[in-house]
Asks: 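Structure in structure tokens, see below.
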4 protein chains.
Amino acid sequence: MFIELDLQSETPIYAQLVDQIVEGIASGALQPGDPLPSVRRLAEDLGINLHTVNKSYNLLKQEGFLQVHRKKGVIVQPDGMPGVTEAFEEKLRRQLRSLAAAAAVRGMTEEVFAQESRSVYRNTITNHGGEQH
Amino acid sequence: MFIELDLQSETPIYAQLVDQIVEGIASGALQPGDPLPSVRRLAEDLGINLHTVNKSYNLLKQEGFLQVHRKKGVIVQPDGMPGVTEAFEEKLRRQLRSLAAAAAVRGMTEEVFAQESRSVYRNTITNHGGEQH
Amino acid sequence: MFIELDLQSETPIYAQLVDQIVEGIASGALQPGDPLPSVRRLAEDLGINLHTVNKSYNLLKQEGFLQVHRKKGVIVQPDGMPGVTEAFEEKLRRQLRSLAAAAAVRGMTEEVFAQESRSVYRNTITNHGGEQH
Amino acid sequence: MFIELDLQSETPIYAQLVDQIVEGIASGALQPGDPLPSVRRLAEDLGINLHTVNKSYNLLKQEGFLQVHRKKGVIVQPDGMPGVTEAFEEKLRRQLRSLAAAAAVRGMTEEVFAQESRSVYRNTITNHGGEQH
DNA sequence: GTGGTCTAGACCACT
DNA sequence: GTGGTCTAGACCACG
């Protein structure tokens, strides 16, 4: 796996895991239908607790990014990703607002902020593209 | 006060307070040198504990957004806001990356994402400008 | 533990704790990566409140002397200590100025004052060195 | 007066006043027997509270740096300054220890630390010299 | 009256 | 069991 955890970070490990898997999907490194390591396997590889991996997988399942089959194990959602729900829009805006305010106070202009957003988006997609759904 | 807290939210109260005060500064509702309510006062107004407000004020003080003036009490930094440090850039990018990935997976295009960022930025500034140095 | 607190002192307990931990690092008694007692544990050992220890740990974390590791708990900064920042130089000079003035007024010569500084420095390092980067 | 107060500082105003007066004596700007402004006068000049000035003067009187006469008002100790008491030595060492440890941890060498101390001492004396007592 | 400090006790998220 | 968060009540230094 391409996953790197920062045990010193203040973001919980399970959240870091979620983020990195989502980024993996966004970048195309993980394609719809692709299998993910089993809970046990991944936990061992990363040197973390089973519960932690489990929590991440469950969250991703709830969001519709993953499917969990008894047989196939865990795979990336093959039937189309969730799409931009209202809940997501709201969450996105709420977080952007917080970031934008901090940026503005520190003197970062609208132009730079928007450009920063664009370039970060582009970099997360590099390898391929996020035209799922 | 213009502050609204969601006591049920999973984001800590103190963090919400920090965000809203920063947004207040960004929007111009709070001008450099402006006094903020005393910890006791604000705590009572918001129906929360004094220590929670204190924690928020302290964080903002450490970041350089607020100062404790021995006569005026707590005031908005009058001597120029912190500016875009490398640490801030990094934090900004890290958070943007997470948002961008989720957006991309859900099918939101780069264009829409950047536009969203821009419009959110603009809305936080509405009232008036961010002429920090 | 090697920590001694003076509960009657006018310097806050949390500040004494901070000082002693820094001295522990300087003397080599605490090595980079070494774990510190949990807040609860140390609080109990010292007979003080958990929050007081917490405050000290937090300050040291913000200064970059400690880290919170999600598995090891609180540890001494393993990735290199902060270094001599301008802010630190300023604080150092401000405090030295106050001490030097009092010393001078009482008739202590420059030579003695400098020698005193040197010998105190040497004594804090005794056990072993300060090979921070 | 040559006194500058920093109302944003975390050092209490009365302590800043004490420091600056001691520095004034150390530098020779204030000579033994020299009169100081009355409590009222100084308070007004500095825009601070009477009690604050009073507290500073009292502390300096207790330490033996000032004399308070009903007639002459407040004057700089004309009968020889206190000298290096054991209590002072202890306080000096305690504070130096804290500074030295922080300096050492940040990588400042003994040589630099001692040199810093020496140069700060020299600068506080510039105008004249502290050979009282 | 203000912020700073300390104590005490409680719940929760995380691992 | 760990750190993080929140509440509650209290004392003190400061101005």
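Quick caveat, the model's predicted, so the values are computed rather than measured. Each chain gets a letter, A, B and so on, in the order its sequence line appears, and its residues count up from 1.
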Asks: Using whole Å, report how far CD of C/Glu44 lies from P of E/dC6.
Replies: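 Checked: the CD to P distance equals 19 Å.
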Asks: Before you tell me yes or no, could you show the steps for A/Leu7 and A/Ile13 under side chain to side chain contact (heavy atoms under 4.5 Å, CB included), namely the whole-Å CA-CA distance, both residues' side-chain angles and the distance that decides it to 0.1 Å?
Replies: CA-CA 7 Å; A/Leu7 296 181; A/Ile13 295 179; 3.4 Å; yes
Asks: Within the distance-only criterion (no hydrogens, no angle test), does the side chain of B/Arg70 pair as donor or acceptor with the backbone N or O of D/Ser9 below 3.5 angstrom?
Replies: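 Present.
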Asks: Calculate the interatomic distance between C/Leu42 atom CG and F/dT2 atom P; express it in whole Å.
Replies: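 Distance, rounded to whole Å: 12 Å.
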Asks: Separation of C/Leu66 atom CG from F/dG4 atom P, in whole Å?
Replies: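 Taking CG of C/Leu66 and P of F/dG4, I get 11 Å after rounding.
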Asks: Separation of B/Leu5 atom CG from F/dT5 atom C1', in whole Å?
Replies: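 My rounded result for the distance is 14 Å.
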Asks: Could you go through A/Arg40 and A/Glu44, starting from their C-alpha distance and side-chain angles, then the distance that decides it, and tell me whether this counts as salt bridge (Lys or Arg N to Asp or Glu O under 4.0 Å)?
Replies: CA-CA 6 Å; A/Arg40 268 190 182 68; A/Glu44 195 179 355; over 6 Å; no
Asks: What is the distance from OH of C/Tyr57 to C1' of F/dG4, rounded to the nearest Å?
Replies: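 Going from OH in C/Tyr57 over to C1' in F/dG4 covers 15 Å.
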Asks: For nucleotides 10-15 of chain F, just jot down a letter per nucleotide in 5' to 3' order: B, S or -, based on protein non-hydrogen atoms under 4.0 Å.
Replies: -B--SS
Asks: So, applying side-chain contact (heavy atoms from CB on, under 4.5 Å) with B/Pro37, which one of B/Leu42, B/Val53, B/Asp45, B/Ile3 is it?
Replies: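 Testing each of B/Leu42, B/Val53, B/Asp45, B/Ile3 against B/Pro37, the sole residue satisfying side-chain contact (heavy atoms from CB on, under 4.5 Å) is B/Leu42.
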Asks: Could you give the CD1-to-P distance, from C/Ile75 to F/dT2, as a whole number of Å?
Replies: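 Roughly 16 Å, once rounded to whole Å.
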Asks: State, with a plain yes or no, whether a side-chain heavy atom of C/Val76 is found less than 4.5 Å away from one of C/Gln67.
Replies: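 No, every pair of side-chain atoms sits at 4.5 Å or beyond.
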Asks: Main chain of B/Arg94, side chain of B/Ser98: is a donor-acceptor contact present, judged purely on distance under 3.5 Å?
Replies: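 Side chain of B/Ser98 to backbone of B/Arg94: no pair is present.
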Asks: Among C/Leu17, C/Val68, C/Ile21, which residue meets the side-chain contact (heavy atoms from CB on, under 4.5 Å) test with C/Tyr57?
Replies: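 When C/Leu17, C/Val68, C/Ile21 are each tested with C/Tyr57, the side-chain contact (heavy atoms from CB on, under 4.5 Å) holds only for C/Ile21.
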Asks: Which atom pairs, one a donor and one an acceptor, fall under 3.5 Å between side chains of residues 58-65 of chain D and the rest of the protein, sequence neighbours left out?
Replies:
unit_1: D/Asn58; atom_1: ND2; unit_2: D/Asn54; atom_2: O; d: 3.3
unit_1: D/Asn58; atom_1: ND2; unit_2: D/Asn54; atom_2: OD1; d: 3.3
unit_1: D/Glu63; atom_1: OE1; unit_2: C/Arg106; atom_2: NH2; d: 3.3

Asks: Rounded off to whole Å, could you give me the CG-to-P distance for the B/Asn54 and F/dT7 pair?
Replies: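 Rounded to whole Å, this separation is 13 Å.
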Asks: Just how far, in rounded Å, is P of F/dT7 from CG of B/Leu17?
Replies: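 Nearest whole value for this atom pair: 11 Å.
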Asks: For C/Lys72, report the nucleic acid contact type (base, sugar-phosphate, nothing); a contact means any heavy atom under 4.0 Å.
Replies: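 Counting heavy atoms under 4.0 Å across all strands, no contact is made by C/Lys72.
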Asks: Quick one: on DNA chain E, does C/Leu7 or B/Gly73 contact a more 5' nucleotide (nearest heavy atom)?
Replies: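 Mapping each residue to its closest nucleotide by heavy atoms, the 5'-most match is B/Gly73.
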Asks: Let me check I have this right: for DNA chain E, each base becomes ., (, ), [, ] or |, based on Watson-Crick or G-U pairs with both distances under 3.5 Å. What is the full string?
Replies: ||||||||||||||.
Asks: Could you check if a side-chain atom of B/Phe2 sits within less than 4.5 angstrom of a side-chain atom of B/Leu30, using non-hydrogen atoms only?
Replies: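 The answer is yes; the side chains approach within 4.5 Å.
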